[in-house]
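Data first, discussion second: the structure below is written as structure tokens.
Because the structure is a prediction, the values reported are computed rather than measured. Heavy atoms only: backbone and side chains are in, while hydrogens, waters and symmetry mates are out.
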Amino acid sequence: QVQLGESGGGLVQAGGSLRLSCAASGGTFSSYTMGWFRQAPGKEREFVAAINWTGGSTLSESVKGRFTISRDNVKNTVYLQMTSLKPEDTAVYYCAASGGSRRRLEAGVGDYWGQGTQVTVSS
């Protein structure tokens, strides 16, 4: 059983930056594909980014060029660096872990999920 805990959310002005962290425990972190999703009020949860154990990553088109996903397999932590934030980035951001591929996680199939952290971008 893997436990995931997100941190780093908050309120930021448009154009600002935030770094989200997701600490994992209870499993072999390096064997999991890790990812980030977000859900805005009244909207479906959407894929944001994924990274496999070797560091290969996938980003959604809406965040390419602005967000970066990375992982530290020693600290068992995955990060989402968010820059040039826009009001439409406002959402609860969730961390997810998958025993499968990035494509599987991109499709929303995660084995473990965190509780989420709120990101609010003001205009």
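- Contact check for Leu4 versus Tyr94: no side-chain heavy atoms found under the 4.5 Å cut-off.
- Other residues, nucleotides and ligands contribute only 12 or fewer heavy atoms inside 6.0 Å of the CD atom of Gln115.
- Taking both residues in full, the closest heavy atoms of Gln3 and Gln1 are given as NE2-CG, 3.3 Å, listed atom of the first, atom of the second, then distance.
- For Gly116 against Val92, the heavy-atom pair with the smallest separation is CA-CG1, 3.8 Å.
- Atom CH2 of Trp53 and atom OG1 of Thr33 lie 10.5 Å apart (nearest 0.5 Å).
- Across Arg38 and Ala91, no two heavy atoms sit closer than the pair CB-CB, 3.8 Å.
- Here SG of Cys22 is found 10.5 Å from CG of Leu80. Values are rounded to the nearest 0.5 Å.
- Looking only at distances, a side-chain donor or acceptor of Thr90 sits under 3.5 Å from a matching main-chain atom of Val121.
- Between Tyr32 and Ala97, the shortest heavy-atom distance links the atoms CD2-CB, 4.2 Å.
- For the atom pair OG (Ser57) and CG (Asn52), the distance works out to 8.5 Å, reported to the nearest 0.5 Å.
- Met34 and Cys95 get closest at one heavy-atom pair: CE-SG, 3.7 Å.
- Not counting sequence neighbours, the partners of Phe37 by the ring pair (Phe, Tyr, Trp, His ring centres under 6.0 Å) test are Phe47, Trp113.
- Interatomic distance, Gln81 CD to Ile69 CD1, rounded to the nearest 0.5 Å: 12.0 Å.
- Leu105 contributes atom CG, which lies 11.5 Å from atom CD1 of Ile51 (distance to the nearest 0.5 angstrom).
- The minimum heavy-atom distance linking Pro87 with Ala14 is given by the pair CD-CB, 4.1 Å.
- The closest donor-acceptor contact from the side chain of Asn73 to the backbone of Ser30 lies at 3.5 Å or more, if one exists at all.
- Two residues are said to be in side-chain contact when any heavy atoms from C-beta on lie closer than 4.5 Å; Glu6 and Leu20 fail this criterion.
- Interatomic distance, Phe67 CZ to Leu85 CG, rounded to the nearest 0.5 Å: 5.0 Å.
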Assess the residue pair Glu106 and Arg103 against the criterion (salt bridge (charged side-chain N to carboxylate O under 4.0 Å, His left out)); give the C-alpha distance rounded to whole Å, side-chain angles, the decisive distance to 0.1 Å, and a yes or no.
CA-CA 5 Å; Glu106 186 176 352; Arg103 181 167 294 183; 5.9 Å; no
Between Val78 and Trp36, is the side-chain contact (heavy atoms from CB on, under 4.5 Å) condition met? List the steps.
CA-CA 9 Å; Val78 61; Trp36 290 95; 3.9 Å; yes
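- Between Phe29 and the choices Thr77, Asn76, Val2, the side chain to side chain contact (heavy atoms under 4.5 Å, CB included) rule is met once, by Asn76.
- Formation of a donor-acceptor pair under 3.5 Å by the Thr83 side chain with backbone atoms of Arg66 is found in this model.
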